[in-house]
Number of protein chains: 2
Amino acid sequence: MNRFLSNVTSKIDAKGRVSVPSVFRSVLIQRNIQELYCFQDFVFPAISAGGPDLLDRFERQIAAEDPFSPEANEMSLLIHGGGVFIKLDSEGRMMVTDFIRDFTGIVSEVTFVGRADHFQLWHPPAFAEVQAAAREGRRLRGTRPTV
Amino acid sequence: MNRFLSNVTSKIDAKGRVSVPSVFRSVLIQRNIQELYCFQDFVFPAISAGGPDLLDRFERQIAAEDPFSPEANEMSLLIHGGGVFIKLDSEGRMMVTDFIRDFTGIVSEVTFVGRADHFQLWHPPAFAEVQAAAREGRRLRGTRPTV
DNA sequence: TGGGACCATATGGGCGTCAATGGGAAGCGG
DNA sequence: CCGCTTCCCATTGACGCCCATATGGTCCCA
């Protein structure tokens, strides 16, 4: 599989590290992603992680605007000020820094959530709650996938 | 990485100094920036800091206009009158002067914010507030990254 | 079909290096 | 002559890199 799918919850160890699930790591290898671009998500209290191409895409979006405009500055504040490159160690683990903890509420466990071209890091109860709300909203609207 | 990314908050010591985060210092070395050009940001209540090339770019922009135009005068007032060169000490720390404090509201802590080709110094609560507002604005406008 | 060997992932921790921080002392300017 | 700044050194703690062990699942063979 070449997309990030499903979700996995794993524990943070005593040194503040967490193993990135192997299903996600194998996708990273397939896509030849050496270093993760992680940013504070625009919509959810989660960290989104993907390849450097994600950042490139955002920057192209900024470049299309007037660099002095408030909108371009706000966008940069989010993707540059709210983003960081993170490397995995030789065992495929990443450090859970305060940058991640403060924004997500993550304390001792991380839920990794696949989002096709990227994946996210969630505080487990927050994910359960938001996912349930999303399911409920969809049910109320009576939406069905158009096949 | 060759860009300024992410944000880090650190304390000002008893002598009024603050350590520039090592992630930013390594970018400064890569770009061969010896001395920081710091100016009062045009958009946010923050000090922007980058290499001398930043100032050069601004000056070229002025030179392209009629030197007696109100725009050129305003611009010079901002980048010359509102700018200063600052050196780091041998440990990579900088003095937090009143020039910085008065404009930003910084008191005892500084949030360093990466902005790709430069970085900024913020009063921590101000940054949290403005970044959250930027995120909210984006969410309301319904903007999504163009895939 | 059950047992066992093997492999891959997950997890825990040791250790060296480097960044962050605090403070002494000399240099410079007012 | 005094205060601020800059240079230098020491200490502490965090992080990166590495290896050792645990765990669970699969495959093969008896």
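Quick note on labels: first sequence line is chain A, next is B, and so on, each numbered from 1. Atoms considered below: every heavy atom in the structure, side chains included; atoms not considered: hydrogens, waters and symmetry mates.
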Could you pull out all donor-acceptor pairs under 3.5 Å where a side-chain atom in residues 122-133 of chain B meets a protein atom, sequence neighbours excluded?
{"from": "B:Trp122", "atom 1": "NE1", "to": "B:Gln120", "atom 2": "OE1", "distance (Å)": "3.0"}
{"from": "B:His123", "atom 1": "ND1", "to": "B:Gly105", "atom 2": "O", "distance (Å)": "3.3"}
{"from": "B:Gln131", "atom 1": "NE2", "to": "A:Gln40", "atom 2": "OE1", "distance (Å)": "3.4"}
{"from": "B:Gln131", "atom 1": "NE2", "to": "A:Leu77", "atom 2": "O", "distance (Å)": "3.4"}

**Asked** Heavy atoms under 4.0 Å, any strand shown: does B:Ser22 hit a base, just sugar-phosphate, or nothing?
**Response**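 Sugar-phosphate, backbone atoms only, no base.
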**Prompt:** With sugar-phosphate meaning primed atoms plus P, OP1 and OP2, does B:Arg25 contact a base, only sugar-phosphate, or nothing at under 4.0 Å between heavy atoms?
**Reply:**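 Sugar-phosphate only.
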Results of salt bridge (charged side-chain N to carboxylate O under 4.0 Å, His left out) for [X] - residues two or more places apart only:
| X | result |
| --- | --- |
| A:Glu65 | none |
| B:Lys11 | none |
| B:Asp89 | B:Arg93 |
| B:Asp117 | B:Arg57 |

**Request:** Name the first nucleotide and the last nucleotide along DNA chain C (5' to 3') that come under 4.0 Å of a heavy atom in chain B.
**Result:**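 For DNA chain C, the relevant span reads C:dA19 to C:dA25.
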Please report the distance, rounded to the nearest Å, between [atom1] in [X] and [atom2] in [N].
| X | N | atom1 | atom2 | answer |
| --- | --- | --- | --- | --- |
| A:Leu88 | D:dC15 | CG | P | 16 Å |
| A:Ile100 | D:dC15 | CD1 | P | 12 Å |
| B:Asp13 | D:dT11 | CG | P | 19 Å |

**Request:** Answer yes or no for B:Arg138 and A:Phe42: cation-pi contact, defined as NZ/CZ to six-membered ring centre under 6.0 Å and angle to ring axis within 45°.
**Result:**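 Yes.
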Tell me which donor-acceptor pairs under 3.5 Å the side chains of residues 23-30 of chain B have, and how far apart each pair is, sequence neighbours excluded?
{"from": "B:Arg25", "atom 1": "NH1", "to": "B:Val20", "atom 2": "O", "distance (Å)": "2.6"}
{"from": "B:Ser26", "atom 1": "OG", "to": "B:Ser22", "atom 2": "O", "distance (Å)": "3.3"}
{"from": "B:Ser26", "atom 1": "OG", "to": "B:Val23", "atom 2": "O", "distance (Å)": "3.0"}
{"from": "B:Gln30", "atom 1": "NE2", "to": "B:Met1", "atom 2": "O", "distance (Å)": "3.3"}

**Item:** Nucleic acid contacts - residues 105-122 of chain B versus DNA chain D, non-hydrogen atoms under 4.0 Å
**Value:**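 The stretch gives none, as no residue of it lies under 4.0 Å from the strand.
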**Message:** When you compare the side chain of A:Leu55 with that of B:Leu5, does any pair of heavy atoms fall below 4.5 Å?
**Reply:**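 A side-chain contact exists here, since the closest heavy-atom pair is under 4.5 Å.
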**Asked** With no angle test and no hydrogens, is the base of D:dC8 tied to the side chain of B:Glu91 by a donor-acceptor pair under 3.5 Å?
**Response**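 Such a pair exists between side chain and base.
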**Along DNA chain C (nearest heavy atom to each residue), the more 5'-positioned of B:Ala14 and A:Val20** =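 That would be A:Val20.
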**Item:** Qualifying salt bridge (Lys or Arg N to Asp or Glu O under 4.0 Å) pairs with a residue from residues 29-39 of chain A, counting only residues at least two apart or across chains
**Value:**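 For residues 29-39 of chain A, and leaving out neighbouring residues, the salt bridge (Lys or Arg N to Asp or Glu O under 4.0 Å) pairs sorted by first residue read A:Glu35-A:Lys87.
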Table of protein N/O atoms under 3.5 Å from nucleotides 4-6 of chain D N/O atoms:
{"from": "D:dT6", "atom 1": "O4", "to": "B:Lys15", "atom 2": "NZ", "distance (Å)": "3.1"}

**Prompt:** If you look only at pairs with a residue in residues 80-107 of chain B, which of them pass as a ring-ring contact (aromatic ring centres under 6.0 Å, His included), with sequence neighbours excluded?
**Reply:**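 Of all non-adjacent pairs touching residues 80-107 of chain B, those that pass ring-ring contact (aromatic ring centres under 6.0 Å, His included) are B:Tyr37-B:Phe85.
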**Message:** Holding to side chain to side chain donor-acceptor pair (under 3.5 Å), I want the full list of residues that pass it with A:Asp13, two or more places apart in sequence or in another chain.
**Reply:**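 Side chain to side chain donor-acceptor pair (under 3.5 Å) check on A:Asp13 returns A:Arg17.
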